[in-house]
Every structure is written in C-alpha cells, then in structure tokens.
Engineer: 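Structure incoming, see below.
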Amino acid sequence: MKRVTPPETLQALIFFMAGAMFFLGVTKIIFFLANRHAFQSIKALDILAAFWIDAVTVSLTFIPFTLLWLLPFKKRRKLWYRLTFRILYLSSIAFLCAANLLDVVYYNYAGKRSTFDLFSVLSYEKNMGNHWVTYAKDFWWLALILILCVVLANFFFNRIYRAFIPERLSIKAIPYVFSSILAIALLTVLARGGIGLRPISIISISKLTSPENTGFVSNTAFTMIKSYAEPGMDRLELLPEAKAMKYFNPIHRYKTRPFEDVPENPNVLVVILESFGNEWLGTSRENESYTPFFDSLCAEGYFFPNSYANGTKSIEAMPAVLASIPSLMETPYIASSYASNRVDGVGSMLKKKGYSSAFFHGAAKGSMNFDGFASLIGINSYVGKADYPNQEHSDHTWGIFDHHFLPWVAQQISTLKTPFFSAIFTLSSHHPYEIPKSFEGKLKTGPHPICQSLNYADHALRLFMQEAQKQDWFENTLFVFVADHTAASQSTFYGQRAGKFSIPILYYMPNQKIPKQRSNQISQQIDILPSLLHLMGYQDKFYAFGKSVFGDAESSYAVNYLGGTYHLFFEKFLLTFSGLQNFHLHDLTRDVALENNIFEIKKQEVETMYLLLQAFIQRYNNDLIDNKNHAFQ
C-alpha cells in the first residue's frame, strides 16, 4: 500500500508552528519563574490548559502566514519569496515573545495579563519618551532575551526551509488542494478554540482553571489579540430586573449625618497615595512598615485597614475614588468607550452647594487623561507639572518630586474659595522609584526598591501635612487618604488575589471631629464618595456603586475584577464569579492560597452575597451601556 505523506509545504508549516510554540513556551517559563509567588497551586490540568491556549494563540497569530504559505507557488527558493516569509515568521515570533516578556515585569503590578487597552493607557501618558529610556535601562535583559529568541527563530527558519523546500516544488493539484483545505479548516477550528458558536475569549480561560491561575494558563499575546477592537460589554440578565434591584440599587440618599461634630459643608481633601498597598505599611501581615508618618496618622482618624482597591492601575483609581465607578471590564473606565457617559460627578454635585474644586497631580497635563476625567466630573481646575514654578524639581520621568510638589499644593489650596473640594494624586512612589539626590543614604531601605520609595513618599506626606496645618483651611477640612492600588509584591499573600487589592482607607478631621477608631469593617475605594457625602450632610439623590461605610455595617463588602473573574470580599470569605456562570468560595482565614472551593457546601448560607454580586454586575454592564450612571431625572 502506497504511503500517503503531506506535501512538503504542509510539513514545513507544521514545523514552523511547532517552533512558535517552543518560543512562546520558553517565554512563558520565564514569566512563571518571575511571578511564581502569584501561582502556588499549579496542577497538571493547568499545564495542559496553558498548552491549549498557547496553541490557540499561535494559530491566531499565524493566520496571515498560513494563508500566504499555502498558495500554490512553485519557485519558493526565490530571494524575494524567502525574504517575505522570513519577515512574516520572525515578526510573528517577536510578537508572541515580546508580549509574554512584557508581563514578566508588569504582571507583578497589574495582577493580570496585559490587554490591548494598555496602549490606550500609554497614549494618555505625556512623558512616555522618558519612560521608555527608564524601562530600557532597568529591563535591558528582557530585550536581550527577545533578541536571542528572534535570532534562534531565524536559525530555525533556515533549517526548516533547507529541509523541506526544494528548488522547485512538484505540486499535484488534487492532493495539494485537499491538504490545504484540510489544514485551513483545522487551523480555523484551533484559532477559534473549538467548534462552539463563539470563539474562545479572555473570560473563557476562567472555565479551564481556578481564578488565581488564569494568568498562568493565559499568555499576553492571546489577551492582546482578543482585546483588540473590543466591542464593549454585553447586556446581561443574570437575574430578573426586579430581583436584581432588590439586592443592589446604586441610587442613594442620606437624610442624617453619622457624626454631629462634623460641620455641614466642610472643606474636603482626598489624597490618593501612589502604591501605598498594605504590604509595606503598618497594616502588613508579613513585613515591617516603611511609612511611619502615615501609620501615625491612621491612629488619629477613622481607619479602615481591611479595605480593597477596585482596580490594579492608577488610571482605574480616579473613577473609583472620585465617582464611585469601578473598572469591571478589561479596559479601564477612563480609556473605555463609556468614559463620556453622564455621571454624578463630585464636582458637579458640590458646585450646587457652593463648593469650588481642584485636582492636583504633579505629572504633565493629559497624563492618564486625569485632566479630562476631572473636567467630566465637574472639577473646576487641574493643576499639574506645568503649573509648578520650578521645573528643575522634576524627576525627569513622571513629574515633580513629591517633597517639592505636595507642600506647594498645600499653599495653592489656600487660593481656593471655601468651602472647597480638592483631590491630590501623589507621584513619586512609582517605578523607577527614583529618590532625590539630597535624600540618598537618609531613607529606610528594604527587600524591594519600592520600600525606600515609599519611605520617601511618606516623608513628603509629612511635609504636606505640616504645611497644611499652617493654612487657615486646615481645621475645617475633612481628609480622606487612600491608596490607588497595591505595590509590586514579593509575597505569596499579597501577590495573589486575596492580598492583591489590599489597601488602607483613612477618614480624618482635626480635633477629633471624626472619632479615632480602627474598624475591621470591609471597605473599598467606591465607598469613599458616598461616605463623604454622608459625612457632609449631602441630602440630594445621587448614583454610586459604593455605599457609605458609616451606614449599615452589615452590608460591608468589596467588589473588583481581574482577568475575567469578578471578586466579592465579605466577612472572612472571597466569592469569585468566572465566565458568568462558575462560582468559587474560599475562606480567607484558612485558605489564603485559594485551593479549596467550598461554594457548594456554603451555597445556602451565602445566597444573599452571590445574588448581590450578580445584581451588581448586571447593573454595572447595563447602566454603562444605557448611559444611566446618574440620578438625574
């Protein structure tokens, strides 16, 4: 019986794609080794799922290469032909490897695989030229690995070409057409991730593994491709609308104030602290503190150490803190197609009460589109790097050093008409963690470069408060201090989802008008706006996804989203909802590594909470789609 063999072109294609799988696998191993503290329970099924997602990714990436390669062209030794496919092949390999290598470092900050929105976020950053120089200096070894992969891929390409492609191919029409159609059909099925009605998506990965391991199973090229030209969110009906409203209603109105000593219509100042996650503060479960001043300040106000960020990036913090809008999608709210929705902005609401308002950020105007969002929520003015009088105080990467900028801001606030609402977003405790030369050798260092940077930022905060105390507005000002997100981690707890969102939130007013208290109640960034309005005696209706922490303590919880999975923190539990169908429940006092799913055991006991989570997600999606994030009539 005559042996049937595939045409040489098809054999070569198989080896080309096998080579791509190899290089993608190598970069995935490097990614895993760099972030192994975030993945504590990798099983054989996770490795198989990762291999499957890699195969899907290679198939997607190689669609242009494959379609052109299978054209029945005989003279494939021509220089132009060989050069064309060399460029196509090496470009595909470079994309697969570069995407994975990007998250070797970035995953530790974001806690998820990067998506295409990263480029939208970067487009809002005005000093990217300086940032690229810094990244090249700090992470040159990743560029070296990428170059090595491309060089080896070129060697691989030459070997395959010599082995399978003769000077002139002998193409038999019927076998060639049949094998090519079969190859394209198989590639199509593989690129779709199967024969289902819908192609595999980012959220589909949550069906293949446990929520904490989605970053391992996935790869960055896959999430980049799948999030490109993302069509937006889907309208949801997880629950009947009447039932959903019973469990979650974002319309609020407060008729009474929680503390009589807090005057109506005080000044309000929100300080968003860059990377002040609990891991390196006095609230840490594992490490010593690098923020002695902030720790002392927490003892003077109403402190919520058991708080959570509603995102993992700075660009996600501003909508959460100042508009009570979390980012429950792959794209940060500010960079999404819903960013122009009408919202109940804090500036607009307080303007009706006679408030002036300003937002201070030491970066260039337009950085992360903070100035645009400040305008959207009704804040009167944006004060940034260009407004600061001495540009020599710049760190040449992000903006003005905090120890210069923050005391100056305290003075500038004095020019605002009272009562005022103001927000400050600090800057310096961010990679590359640059310290002013005058502080070298004077700061506390630790096991990670951010430790010294946080110690510097803490000193800058001390200088700000010292200057603020000299101003006439200080005594009648309600302060809120909150981290934008957690910092780079070297910890099993803080590197995984249980600790990835763990931040402090502090409400403070001079002369103990807000009582000194340390509350174990769960809080979150989106609770800040309704809590402030509650404290201030604001009595109109408003729309917020959060709730006042000074209201019903029994309803304390936090919601966030990461890599296709929704999280609900409540009591001692973490409830996760993946793929809009799969629930996991973990007892955080006994199962920090999130290995034991007890949802079926506790299902009846936690019914209220999983219905709340579904109602919350449903309202979030549908109201963003319908532009109903407001209480206007």
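Only heavy atoms go into these numbers, but all of them, side chains included; no hydrogens, no water, no symmetry mates.
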Engineer: Looking at His459 versus Phe439, is the centre-to-centre ring distance below 6.0 Å?
Structural biologist: yes
Engineer: Would you say the side chain of Lys385 lies within less than 4.5 Å of the side chain of Lys365, judging by non-hydrogen atoms?
Structural biologist: no
Engineer: Is a salt bridge present between Glu330 and Lys226, judged by a nitrogen-to-oxygen distance below 4.0 Å?
Structural biologist: no
Engineer: Can any side-chain N or O of Asp484 pair as donor or acceptor with the backbone N or O of Ile272 at less than 3.5 Å?
Structural biologist: no
Engineer: What distance do Ser422 atom OG and Gln412 atom CD have between them, rounded to the nearest 0.5 Å?
Structural biologist: 10.5 Å
Engineer: If you compare all heavy atoms of Tyr433 against all heavy atoms of Pro449, which two are closest, and at what distance to 0.1 Å?
Structural biologist: CD1-CB, 3.7 Å
Engineer: Is it true that Phe550 and Tyr507 have ring centroids separated by less than 6.0 Å?
Structural biologist: yes
Engineer: How long is the straight-line distance from CD of Glu440 back to CD of Gln452, given to the nearest 0.5 Å?
Structural biologist: 8.0 Å
Engineer: Which of these, Asn287, Thr283, Asn306, sits in a side-chain hydrogen bond (donor to acceptor under 3.5 Å, both in side chains) with Asn278?
Structural biologist: Thr283
Engineer: Can any side-chain N or O of Asp395 pair as donor or acceptor with the backbone N or O of Ile400 at less than 3.5 Å?
Structural biologist: no
Engineer: Which heavy atom of Ser284 sits nearest to which heavy atom of Tyr494, and what is that distance?
Structural biologist: CA-OH, 3.5 Å
Engineer: What are the two closest heavy atoms between Pro250 and Arg619, and how far apart are they?
Structural biologist: CD-NH1, 3.3 Å
Engineer: If we only count heavy atoms from C-beta on, is the Pro326 to Val559 side-chain gap below 4.5 Å?
Structural biologist: no
Engineer: Hey, can you tell me if Phe501 and His567 have their rings parallel, tilted or perpendicular (30° and 60° cut-offs)?
Structural biologist: tilted
Engineer: Are more than 12 heavy atoms from other residues, nucleotides or ligands located less than 6.0 Å from atom NZ of Lys417?
Structural biologist: yes
Engineer: For side-chain contact (heavy atoms from CB on, under 4.5 Å), just list the numbers for Lys353 and Asp540, CA-CA rounded to whole Å, side-chain angles, deciding distance to a tenth of an Å, and then say yes or no.
Structural biologist: CA-CA 11 Å; Lys353 305 296 183 183; Asp540 293 345; 3.8 Å; yes
Engineer: Considering the options Ser523, Ser519, Pro504, which one meets the side-chain contact (heavy atoms from CB on, under 4.5 Å) requirement together with Phe303?
Structural biologist: Pro504
Engineer: So which atom in Thr223 and which in Ser218 form the shortest heavy-atom distance, rounded to 0.1 Å?
Structural biologist: CG2-OG, 3.4 Å
Engineer: Any side-chain heavy atom of Gln471 sitting closer than 4.5 Å to one from Ile413?
Structural biologist: no
Engineer: Can you tell which of Val270, Leu532, Val480 makes a side-chain contact (heavy atoms from CB on, under 4.5 Å) with Val321?
Structural biologist: Val270
Engineer: List the residues meeting side-chain contact (heavy atoms from CB on, under 4.5 Å) with Ala98, not counting sequence neighbours, and say none if there are none.
Structural biologist: Leu146
Engineer: So, does Lys628 use its side chain to make a donor-acceptor pair with the main chain of Asn622 at under 3.5 Å?
Structural biologist: no
Engineer: Decide side-chain contact (heavy atoms from CB on, under 4.5 Å) for Leu350 and Leu533; before the verdict, give the C-alpha distance in whole Å, the side-chain angles of both, and the deciding distance to 0.1 Å.
Structural biologist: CA-CA 9 Å; Leu350 296 184; Leu533 296 177; 4.1 Å; yes
Engineer: Give, for atom OG of Ser381 and atom CG of Leu416, the distance between the pair rounded to the nearest 0.5 Å.
Structural biologist: 6.5 Å
Engineer: Would you say Asn100's side chain and Thr220's backbone share a donor-acceptor pair under 3.5 angstrom?
Structural biologist: yes
Engineer: With rounding to the nearest 0.5 Å, note down the distance linking CD1 in Ile145 to CH2 in Trp140.
Structural biologist: 9.0 Å
Engineer: For the pair His534 (side chain) and Val549 (backbone), establish whether a donor and an acceptor sit closer than 3.5 Å, ignoring hydrogens and angles.
Structural biologist: no
Engineer: Tell me whether the rings of His404 and His393 are parallel (<30°), tilted (30 to 60°) or perpendicular (>60°).
Structural biologist: parallel
Engineer: Between CD1 of Ile505 and CZ of Phe481, what distance do you get to the nearest 0.5 Å?
Structural biologist: 13.0 Å
Engineer: Where does the angle between the aromatic ring planes of Phe370 and Phe425 fall among parallel (under 30°), tilted (30 to 60°) and perpendicular (over 60°)?
Structural biologist: parallel
Engineer: Can you check whether Ser327 reaches Pro319 side chain to side chain, under 4.5 Å on heavy atoms?
Structural biologist: no
Engineer: Tyr456 pairs by side-chain hydrogen bond (donor to acceptor under 3.5 Å, both in side chains) with which of Glu434, His403, Lys444?
Structural biologist: His403
Engineer: So, using side-chain contact (heavy atoms from CB on, under 4.5 Å) as the criterion, who are the partners of Ser375 when residues are at least two apart?
Structural biologist: none
Engineer: Would Phe373 and Val343 count as a side-chain contact (heavy atoms from CB on, under 4.5 Å) if you check the C-alpha gap in whole Å, the side-chain angles of each, and the deciding distance to 0.1 Å?
Structural biologist: CA-CA 11 Å; Phe373 189 75; Val343 299; 5.5 Å; no
Engineer: Keeping Tyr355 on the side-chain end and Pro266 on the backbone end, is there a donor-acceptor pair under 3.5 Å?
Structural biologist: yes
Engineer: Distance from Leu322 atom CG to Leu376 atom CG, nearest 0.5 Å?
Structural biologist: 11.5 Å
Engineer: Looking at Asp472 and Ser414, would you say the former's side chain and the latter's main chain have a donor-acceptor pair under 3.5 Å?
Structural biologist: no
Engineer: Where the side chain of Asn380 meets the backbone of Ser356, is there a donor-acceptor pair that is under 3.5 Å apart?
Structural biologist: no
Engineer: With heavy-atom distances below 4.5 Å as the criterion, would you say the side chains of Trp398 and Pro432 are in contact?
Structural biologist: yes
Engineer: Ignoring hydrogens, what is the shortest heavy-atom contact between Ser429 and Ser453? Give both atom names and the distance.
Structural biologist: CA-OG, 3.1 Å
Engineer: Walk me through whether His361 and Val383 qualify under side-chain contact (heavy atoms from CB on, under 4.5 Å).
Structural biologist: CA-CA 6 Å; His361 188 218; Val383 181; over 6 Å; no
Engineer: Please confirm whether the backbone N or O of Leu427 pairs with a side-chain atom of Asp402, one donor and one acceptor, at under 3.5 Å?
Structural biologist: yes
Engineer: Indicate yes or no: at least one non-hydrogen side-chain atom of Asn476 is less than 4.5 angstrom from one of Met509.
Structural biologist: yes
Engineer: Phe569 vs Tyr308 aromatic rings, parallel, tilted or perpendicular, using cut-offs 30° and 60°?
Structural biologist: parallel
Engineer: Just so I know, are the side chains of Phe294 and Leu454 near enough to count as touching, which here means a heavy-atom distance under 4.5 Å?
Structural biologist: no
Engineer: Does Arg113 make a cation-pi contact with Phe31 (under 6.0 Å, within 45 degrees of the axis)?
Structural biologist: yes
Engineer: So Tyr302 and Phe259, would you call those rings parallel, tilted or perpendicular, with 30° and 60° as cut-offs?
Structural biologist: tilted
Engineer: Taking the six-membered ring for Trp, are Tyr388 and Phe405 parallel (under 30°), tilted (30 to 60°) or perpendicular (over 60°)?
Structural biologist: tilted
Engineer: Testing Gln525, Lys500, Glu316, Glu274 one by one against His485 for a side-chain contact (heavy atoms from CB on, under 4.5 Å), which residue passes?
Structural biologist: Glu274
Engineer: Search all heavy atoms of Glu286 against all heavy atoms of Ser491 and return the closest pair with its distance.
Structural biologist: OE1-OG, 2.6 Å
Engineer: Any donor-acceptor pair under 3.5 Å linking the side chain of Asp623 with the backbone of Asn629?
Structural biologist: no
Engineer: If we only count heavy atoms from C-beta on, is the Leu443 to Thr445 side-chain gap below 4.5 Å?
Structural biologist: no
Engineer: For Phe542 and Tyr538, take the angle between the two ring planes, folded into 0 to 90°, and tell me which bin it lands in: parallel under 30, tilted 30 to 60, perpendicular over 60.
Structural biologist: perpendicular
